[in-house]
Number of protein chains: 2
Amino acid sequence: MTTLISTEGVPLYVKIREVLRTEIINGNLKRGQKIPSEDELAARYGVSRMTVRQGILDLIDEGLLYRRQGLGTFVAFPHIERDHTRLTNFFESARQKGIQVAQKILDVQVVPARRKIAEALDIPVGEAVIHICALRYANYVAVTLHDSYIPEKLFTPILSENLEDTSLWDLMEKYGYRVKRAIQKLEAREAGPEIARLIGIDPAAPILYKERKIYAEDGTPVEFTFCYNRGDLYSLTVAMER
Amino acid sequence: MTTLISTEGVPLYVKIREVLRTEIINGNLKRGQKIPSEDELAARYGVSRMTVRQGILDLIDEGLLYRRQGLGTFVAFPHIERDHTRLTNFFESARQKGIQVAQKILDVQVVPARRKIAEALDIPVGEAVIHICALRYANYVAVTLHDSYIPEKLFTPILSENLEDTSLWDLMEKYGYRVKRAIQKLEAREAGPEIARLIGIDPAAPILYKERKIYAEDGTPVEFTFCYNRGDLYSLTVAMER
DNA sequence: ATTATATAGATGTCTATACGTCTAGATATC
DNA sequence: GATATCTAGACGTATAGACATCTATATAAT
């Protein structure tokens with residue numbers, strides 16, 4: 001029985017998960033190789049089988065391992081970065097990549113929700129929504145125009161916040177709604193005269209058009225956004241599973 | 001204690017999960033409402049707490065419930081269709097929507113992998129790959145041009161199959177590789193003369209360009225595809241989580 | 001009034017055990 | 001040789017209980 005890293009406050013199943021992850025990343029457990037059985041790992045680390053199991057299932061969820069009943073658990077090719085599945089915030093993700101980001105708020109006002117917005121946010125047509133129109137820059141070049149709508153009822157105080165420098169999602173969390181999920185519809189379109197003028201491109205230039213509906217942890221729709229992304233400067237990577 | 005549906009062969013945790021799901025869909029458990037505690041459900045259905053827990057965690061994974069330690073488990077707004085996260089096969093998904101689908105194979109041949117393909121499929125540059133070029137139709141209109149590459153070594157016998165009428169993924173499964181995950185990079189582009197001619201659109205028309213890398217269950221890259229989708233007829237919906 | 005402290009209720013972690021089910025391979029039978 | 005059956009190993013499901021941790025609320029101390 002090997003001893004686990006003696007870190008207090010860290011659950012055993014997390015320790016075991018991380019030990020396995022390390023073995024995989026280091027290459028001690030190679031791609032396609034069978035890892036020790038649940039029973040064996042339990043004995044090795046002196047924990048119960050269910051504890052080992054919990055750690056393993058986490059890694060399976062991440063795509064690092066896979067298993068077949070009756071056969072065993074095997075190392076998958078550790079290629080899929082979980083990040084690509086993840087919903088990330090514009091500021092965080094761009095800064096991580098070392099890109100200089102900024103945004104200019106073009107307009108903030110309370111307006112009545114038109115039908116499409118109301119349906120998306122699950123509120124009555126005509127109810128007040130906060131409309132935030134922002135131009136986002138990467139390395140000082142305008143890349144994306146954002147047309148966001150959020151329910152006024154839930155976020156009234158947000159109007160007095162500094163929207164230009166603070167992440168909208170952080171503000172939402174401050175007011176009790178933790179952003180959790182998004183559904184995005186993607187299309188390729190021509191920019192058209194209006195978007196072209198705002199972003200500063202040719203009206204016939206291709207745009208990655210995105211309709212984004214964002215939900216809080218409890219399923220409340222908290223944001224509906226139209227995004228117009230410069231086709232030549234913006235790409236989106238997503239992961240999907242069967 | 002309520003009795004569960006007496007279905008043999010169905011695990012208890014699945015039954016409990018489905019009972020809860022039904023209650024949520026029926027509206028007996030309403031949005032935002034606290035569901036009974038794990039202990040109470042265990043008592044009610046005469047099973048152990050861990051069994052209830054397993055069912056609940058499944059529903060949390062699906063986004064139907066959420067929970068906070070110390071507080072309880074609550075019903076989320078059941079809006080997010082799991083399907084949008086799912087990687088689906090062209091034939092399956094289109095037919096479900098009642099769209100008439102077909103494809104025409106323009107070219108099938110074994111070629112040496114150029115650098116980009118080789119890197120994606122994790123094989124040496126120059127190794128044999130099967131190139132499949134297909135035009136896909138929805139309701140008899142050409143919508144998408146597919147440029148797929150699959151490792152020849154893994155799928156040699158596929159060359160003698162009927163590629164036009166059979167799903168490539170089904171064939172792959174037949175040869176031992178179950179398609180599981182994909183990473184897709186999306187961009188908006190101009191069609192350009194070649195794609196425009198093949199699909200039959202204007203060379204300046206916007207195209208949703210997609211680079212798709214597909215992995216089998218064990219992490220093996222099994223397909224790398226360039227997709228050119230007509231901007232005006234194709235949209236893609238994806239779900240993401242934080 | 002404000003601040004600590006205790007407590008009840010809920011989820012989070014963990015154990016030790018049992019039996020079910022699936023898979024591959026060995027063995028036996030025809 | 002082909003087919004059927006057995007078996008060991010591994011994951012799948014399930015139990016009953018224990019203690020930890022977190023949250024909100026009630027109570028006590030200041």
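Every chain is numbered from 1, with letters handed out A, B, ... down the list of sequences. Not measured: the values here are computed from a predicted model.
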Problem - Pair of N/O donor and acceptor under 3.5 Å linking C/dT11 base with B/E38 side chain - result: no

Problem - Rounded interatomic separation in angstrom, taking OH from B/Y66 and P from C/dA10 - result: 16 Å

Completion exercise
note: A/M50, atom CE; D/dG17, atom P; distance rounded to Å ~ 17 Å

Handout entry: Donor-acceptor contact below 3.5 Å, side chain A/E164 vs main chain A/I105
Key = yes

Practice task
Would you please say whether a donor-acceptor pair under 3.5 Å links the side chains of B/R212 and B/S148?
Solution key: no

Practice task
Nearest whole angstrom, please: distance from the C1' of C/dT11 to the CZ of B/F74.
Solution key: 11 Å

Practice task
Would you kindly give the CG-to-P distance between B/D39 and C/dA8, to the nearest whole Å?
Solution key: 15 Å

Practice task
Look at the side-chain N and O atoms of B/T73 and state whether any lies under 4.0 Å from the OP1 or OP2 oxygen of C/dT11.
Solution key: yes

Handout entry: Candidate nucleotides D/dC11, D/dT23, C/dT23, ranked by approach to the side chain of A/S37 - the nearest
Key = D/dC11

Practice task
Any chance you could measure B/K185, atom NZ, to B/C227, atom SG, to the nearest 0.5 Å?
Solution key: 13.5 Å

Exercise for the section: Establish whether the base of C/dG12 is bridged to the side chain of B/R49 by a donor-acceptor pair shorter than 3.5 Å. Expected result: yes

Problem - N or O in side chain of A/Q69 less than 4.0 angstrom from C/dT23 OP1/OP2 - result: no

Exercise for the section: Determine: side-chain N/O of A/R67 to OP1/OP2 of D/dG12, distance under 4.0 Å, yes or no. Expected result: yes

Practice task
Starting from P on C/dT15, measure out to OH on A/Y45 and report it in whole angstrom.
Solution key: 14 Å

Practice task
Check whether any side-chain N or O of B/R53 sits under 4.0 Å from OP1 or OP2 of C/dT11, and answer yes or no.
Solution key: no

Completion exercise
Whole-Å distance, B/K34 NZ to D/dC22 C1', equals 14 Å

Practice task
Specify the separation, in whole Å, of atom CG of B/L57 and atom C1' of C/dA10.
Solution key: 14 Å

Practice task
Look at the side chain of A/Y13 and decide which nucleotide, out of D/dT13, C/dC14, C/dA10, has an atom nearest to it.
Solution key: C/dC14

Exercise for the section: Would you please say whether a donor-acceptor pair under 3.5 Å links the side chains of A/R31 and B/T220? Expected result: yes

Problem - Test side chain to side chain donor-acceptor pair (under 3.5 Å) applied to B/E223 and B/Y215, B/Y149, B/Y177, B/W169, the passing residue - result: B/W169

Exercise for the section: Would you indicate, yes or no, if D/dG17 has its OP1 or OP2 atom less than 4.0 angstrom from a side-chain nitrogen or oxygen of B/S48? Expected result: no

Completion exercise
Separation of C/dA10 atom C1' from B/R68 atom CZ, nearest Å, is 14 Å

Problem - Under-4.0 Å side-chain N/O to phosphate OP1/OP2 contact, B/T51 with D/dT15 - result: yes

